[in-house]
Amino acid sequence: MISLQFPSRREPFYSMKSKQDKLKSILPSGKKDKSFFELVYDTARLIPKGRVTSYGAIAAFLGSKMSARMVGWAMNGAHHVSPSVPAHRVVNRNGMLSGKAHFATPTQMEELLAKEKIFVKDDIIIDFQKKFWDPAMELSID
DNA sequence: TTGTTGACCTCTT
DNA sequence: CAAGAGGCCAACA
């Protein structure tokens with residue numbers, strides 16, 4: 001199912017802090033003392049191949065939609081965590097590859113995306129809205 | 001310990 | 001329209 005929506009500027013149902021506990025139960029690894037970063041990593045690992053999402057969408061999904069910045073910061077450390085995190089599937093809300101400079105080579109992010117049939121022009125993902133995967137829409141939380 | 005700095009986003013001048 | 005500010009939270013000096 002394809003979500004054609006950007007994260008809405010309306011107050012979304014998932015923005016309530018109380019959802020965090022439910023998140024912890026549906027996300028893979030069972031540790032209870034998850035930091036915000038770990039939640040970010042877990043969510044990112046759920047992004048299907050061939051789909052992308054945005055920092056803000058993950059942040060909103062995790063309960064604080066203003067933490068998009070932290071999601072980016074989390075990705076900064078995503079290279080040396082295990083299991084690996086598909087950081088290339090996370091872009092900013094315009095579909096721009098804002099993080100490509102942090103990959104091993106300047107072209108790696110684009111190449112990884114191309115393998116999943118996601119193509120990029122001028123650092124922007126083509127058909128971003130069709131490739132967009134909103135965790136809040138696709139993962140049912142109650 | 002305090003301050004600054006981000007792979008961001010939204011609202012306000 | 002463009003530009004600024006505020007909010008988030010972890011890392012680092």
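Reminder, nothing fancy here: chain letters follow the sequence lines and each chain counts from 1.
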Go through the structure and list residues passing salt bridge (Lys or Arg N to Asp or Glu O under 4.0 Å) with Glu111(A), not counting sequence neighbours.
none
Find the distance Phe36(A):CZ to dG7(C):P and express it as a whole number of Å.
17 Å
Under the rule for side chain to side chain contact (heavy atoms under 4.5 Å, CB included), what residues qualify as partners of Ile126(A), not counting sequence neighbours?
Phe119(A), Lys121(A)
Taking atom P of dA7(B) as reference, at what distance in whole Å does atom CG of Leu97(A) sit?
15 Å
Hey, quick one: are Leu112(A) and Ile118(A) part of the same hydrophobic cluster, counting side-chain heavy atoms closer than 4.5 Å, chains of contacts allowed?
yes
Provide the full list of salt bridge (charged side-chain N to carboxylate O under 4.0 Å, His left out) pairs with a residue in residues 68-85 of chain A, sequence neighbours left out, each pair given once.
none
What is the distance, rounded to the nearest whole Å, between atom CZ of Phe37(A) and atom P of dC9(C)?
11 Å
Closest of dA11(C), dA7(B), dC8(C) to the Met66(A) side chain is dC8(C)
Non-hydrogen side-chain atoms of Ser67(A) and Leu62(A) separated by less than 4.5 Å:
no
Spacing of Arg69(A) atom CZ relative to dT4(B) atom P, expressed in whole Å:
13 Å
Roughly how far apart, to the nearest Å, are dC1(C) and dC8(B) at atom P?
23 Å
Sequence neighbours excluded and cut-off under 3.5 Å, please list the side-chain donor-acceptor pairs for residues 71-85 of chain A, or say none.
from: His79(A); atom 1: NE2; to: His102(A); atom 2: O; distance (Å): 3.2
from: His80(A); atom 1: ND1; to: Gly77(A); atom 2: O; distance (Å): 3.4

Residues passing the side-chain hydrogen bond (donor to acceptor under 3.5 Å, both in side chains) test with Asp123(A), sequence neighbours excluded, are Lys100(A)
Heavy-atom contacts under 4.0 Å between residues 79-92 of chain A and DNA chain B, which residues?
His79(A), Ala87(A), Asn92(A)
Determine the interatomic distance between C1' on dA7(B) and the same-named atom on dA3(C); round to the nearest Å.
22 Å
Between dT10(B), dC8(C), dC8(B), which one does the side chain of Ala68(A) approach most closely?
dC8(B)
Nearest-angstrom distance from the residue atom CG of Leu62(A) to P of dC8(B):
17 Å
Quick one: is dG7(C) close enough that its OP1 or OP2 comes under 4.0 Å of any side-chain N or O from Ser67(A)?
no
How close or far is atom C1' of dA7(B) from atom CD of Gln108(A), stated in whole angstroms?
14 Å
If I take atom CE in residue Met75(A) and atom P in nucleotide dC9(C), what distance separates them, rounded to the nearest angstrom?
16 Å
Proximal nucleotide (of dC8(C), dC9(B), dG6(B)) relative to the Trp73(A) side chain:
dG6(B)
Report the distance from atom OH of Tyr55(A) to atom P of dA10(C), rounded to the nearest whole Å.
18 Å
